[in-house]
Amino acid sequence: EVLDKLNFVSEEQKILYLADNERYDELFEYIKEFKLKNKIKDKVDFTPIVSNCINKKQYRAAIRLIEEFNLQDKIDLLVFADELLNLWNKNIQRLNLKNLLSISTTSPQLIKKLFDSISENPKILWYPSAGADFRDIIELTKINNVRNIASDYNLIHPPTLFIHTDTKFPRIDKNKIIRFKDKNIALKIGSINKLNFVKDSPFCLLQNPEVYLLNFILISDKIRIKKPLIYFQLENTKFLINILLKHRVKVSYIILVNPGGYPRGDIYPFLPTLETEFVITNRSIGKITKIAQLIAKELHLKLRKYRMINLKPMTGSLWGENHYINIFKIKTLVSKTN
C-alpha cells in the first residue's frame, strides 16, 4: 500500500495510521523528515500507541516512542512486561562516561586523550561533597613502600579515574603542591582545564555546571605517578540521578568521609545499579529513604538486594589517624525487591 495514494487530512491521522499498522520505521522516518516532534507531541496521545506496542511485544518501538516524546511520567514501565524493563535498561547503557563527555564538550580531543591514557571503561571512584579534599588519590593509588588503603587491602584494580562533586569548585592553582603529614609523598596539580559544553548537552540541561579536568602528579623521591580527576561543580543528588544512574555509569569506589556530608540513604540502595565494589566511609550505614524510592521509580529501576561486607577497619589513614575508616565490600544478591 502506497502512503502517497492515501488522502490524510492531517499529520496526526497519518501517524495514527502508521502506528495502527505497526509500520514503526516509517512512522519515525516521517516524524524525522518533517521535523514534527515538537509540533505533534501535544496533539497526539502516544500513550495508547505505546500500550499497543507493548501488547504486541514491539518493545523497541515502545522504548523509542517513550524516549522521543518524554512519556516516562505518563507510562510506568514497572507495571509492564519484564522484557520491556530489561530492554529499557539495556538500551539506556549506550552512553558510557567517555561517550557522554565526548558528545557534550566542545573539547572532544581532550576527552579522547584522557580516556586513551586510562582505558575506555576506567575504574571510577566517586567522592561526593569532596570540597578541597584530595586525599583519596593518595589512599587509593598503589605506591611502593607507602602504606595506604590500596596496599593494606591489596586492591587488585584500584581507581584509574577520580570524580569529585561539590556545589563549589575549590580554589586551587596549577603547580600547587599538596603535602601530607607523615607521608613521604605529595600531590602536584599538573594542569587544570575547564570543560565547556555544547548546547542541549546533558550537562547544559543541568544548568551548565562548571566541570574541570585536573591532572595530578604523585611525587616523592623515586616516583612520579599521574592521576586524572574530573571535578563537577554540581549538587550530589543531581549528579547521581542525571549522570550516573540515568546513563548507568559504573562506579567501582565511593568515598563517604567528608564531614560536609551526603545523605547516605540516598545512595546505598543504588550500589548494585552502579556496580560498586567498595565503599570507604567513617560513618554509619544509611537506610533507604523516600527520596531513593522516588528516584528509583522515576528512572524505572528495580532496587536489588545487596550485602555490605565490613572488612577490617583501618587506622592511621590520611582522614585521621585516631579514627577508624571502614572499608565495605559490596556483594549484589540474586534476589530482587521493589
Side-chain angles (χ1 to χ4, degrees), residues 97-98 101-102 105 107-166 168-196 209-234 239 249-255 257-258 278 280 314 316-321 325:
L97 187 62
K98 176 189 174 182
L101 288 169
S102 294
T105 182
S107 307
Q109 289 303 314
L110 196 63
I111 301 302
K112 182 180 185 304
K113 183 178 179 181
L114 165 65
F115 284 90
D116 283 349
S117 69
I118 58 176
S119 86
E120 182 91 9
N121 295 291
K123 287 284 185 179
I124 292 175
L125 176 146
W126 178 35
Y127 187 173
S129 298
D133 184 7
F134 300 104
R135 289 172 284 190
D136 52 319
I137 302 175
I138 299 289
E139 286 288 0
L140 275 296
T141 299
K142 282 195 172 182
I143 310 166
N144 289 336
N145 301 319
V146 173
R147 187 197 167 199
N148 59 10
I149 290 174
S151 63
D152 275 22
Y153 294 87
N154 192 27
L155 299 181
I156 298 173
H157 300 292
T160 53
L161 177 61
F162 294 79
I163 293 180
H164 287 193
T165 55
D166 213 324
K168 272 192 175 182
F169 181 68
R171 292 184 178 180
I172 49 177
D173 300 315
K174 180 183 174 182
N175 296 323
K176 178 180 179 180
I177 295 178
I178 306 170
R179 302 189 183 277
F180 299 93
K181 183 182 178 182
D182 300 328
K183 295 279 186 183
N184 186 29
I185 196 166
L187 272 180
K188 179 180 179 181
I189 302 173
S191 64
I192 304 174
N193 292 286
K194 184 178 179 180
L195 299 179
N196 296 309
E210 292 188 7
V211 181
Y212 297 86
L213 172 59
L214 298 90
N215 286 298
F216 283 88
I217 306 171
L218 288 81
I219 55 176
S220 71
D221 295 337
K222 297 181 179 180
I223 66 164
R224 295 287 189 278
I225 302 174
K226 294 182 179 180
K227 287 292 177 180
L229 182 147
I230 303 177
Y231 205 111
F232 291 84
Q233 184 176 298
L234 187 63
F239 182 75
V249 176
K250 295 181 181 180
V251 179
S252 300
Y253 297 83
I254 295 178
I255 306 287
V257 297
N258 196 309
F278 294 95
I280 295 134
M314 178 184 182
S317 77
L318 288 172
W319 283 295
E321 49 187 60
I325 292 293

Rounded to the nearest 0.5 Å, how far does [atom2] of [Y] lie from [atom1] of [X]?
| X | Y | atom1 | atom2 | result |
| --- | --- | --- | --- | --- |
| Tyr127 | Ile280 | OH | CD1 | 10.5 Å |
| Ile219 | Ile178 | CD1 | CD1 | 10.5 Å |
| Ser220 | Asn145 | OG | CG | 9.0 Å |

Looking at [X] and [Y], what are the two nearest heavy atoms and their distance?
| X | Y | answer |
| --- | --- | --- |
| Leu161 | Pro228 | CD1-O, 3.8 Å |
| Leu234 | Thr165 | O-CB, 3.9 Å |
| Gly190 | Ile217 | CA-CD1, 4.3 Å |
| Leu155 | Pro158 | O-CD, 3.6 Å |
| Val211 | Ile230 | CG1-CG2, 3.7 Å |
| Phe115 | Glu120 | CD2-O, 4.0 Å |

Can you tell me how the ring of Phe134 sits relative to the ring of Phe216, calling it parallel under 30°, perpendicular over 60° and tilted otherwise?
tilted
Mind checking whether Phe239 and Phe232 have parallel, tilted or perpendicular rings, split at 30° and 60°?
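If you compare the ring of Phe239 with that of Phe232, the planes turn out tilted.
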Return yes when atom [atom1] of [X] has more than 12 non-hydrogen atoms of other residues, nucleotides or ligands closer than 6.0 Å, and no otherwise.
| X | atom1 | answer |
| --- | --- | --- |
| Lys142 | NZ | yes |
| Asp116 | CG | yes |
| Ile177 | CD1 | yes |

Passes side-chain contact (heavy atoms from CB on, under 4.5 Å), Leu97 versus Ile163? Steps please.
CA-CA 11 Å; Leu97 187 62; Ile163 293 180; 3.7 Å; yes
Could you please spell out the steps behind the side-chain contact (heavy atoms from CB on, under 4.5 Å) verdict for Arg147 and Asp152?
CA-CA 7 Å; Arg147 187 197 167 199; Asp152 275 22; 2.8 Å; yes
Please report the C-alpha distance between Lys194 and Ile192 in whole Å, then the side-chain angles of each, then the deciding distance to 0.1 Å, and finally whether the side-chain contact (heavy atoms from CB on, under 4.5 Å) criterion is met.
CA-CA 7 Å; Lys194 184 178 179 180; Ile192 304 174; over 6 Å; no
Take Asp133 and Ile255 through the side-chain contact (heavy atoms from CB on, under 4.5 Å) test and state the conclusion after the steps.
CA-CA 11 Å; Asp133 184 7; Ile255 306 287; over 6 Å; no
Look only at the side chain of [X] and the backbone of [Y], and say whether a donor-acceptor pair between them is shorter than 3.5 Å.
| X | Y | value |
| --- | --- | --- |
| Ser102 | Lys98 | yes |
| Thr141 | Ile138 | no |
| Glu139 | Ile149 | yes |
| Ser129 | Asp166 | no |

Evaluate the criterion ring pair (Phe, Tyr, Trp, His ring centres under 6.0 Å) for residue pair Tyr253 and Phe278; output intermediate values, then yes/no.
CA-CA 5 Å; Tyr253 297 83; Phe278 294 95; 5.5 Å; yes
Flag side-chain contact, heavy atom, 4.5 Å: Thr105 against Asn196
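Heavy-atom side-chain distance check fails, nothing below 4.5 Å.
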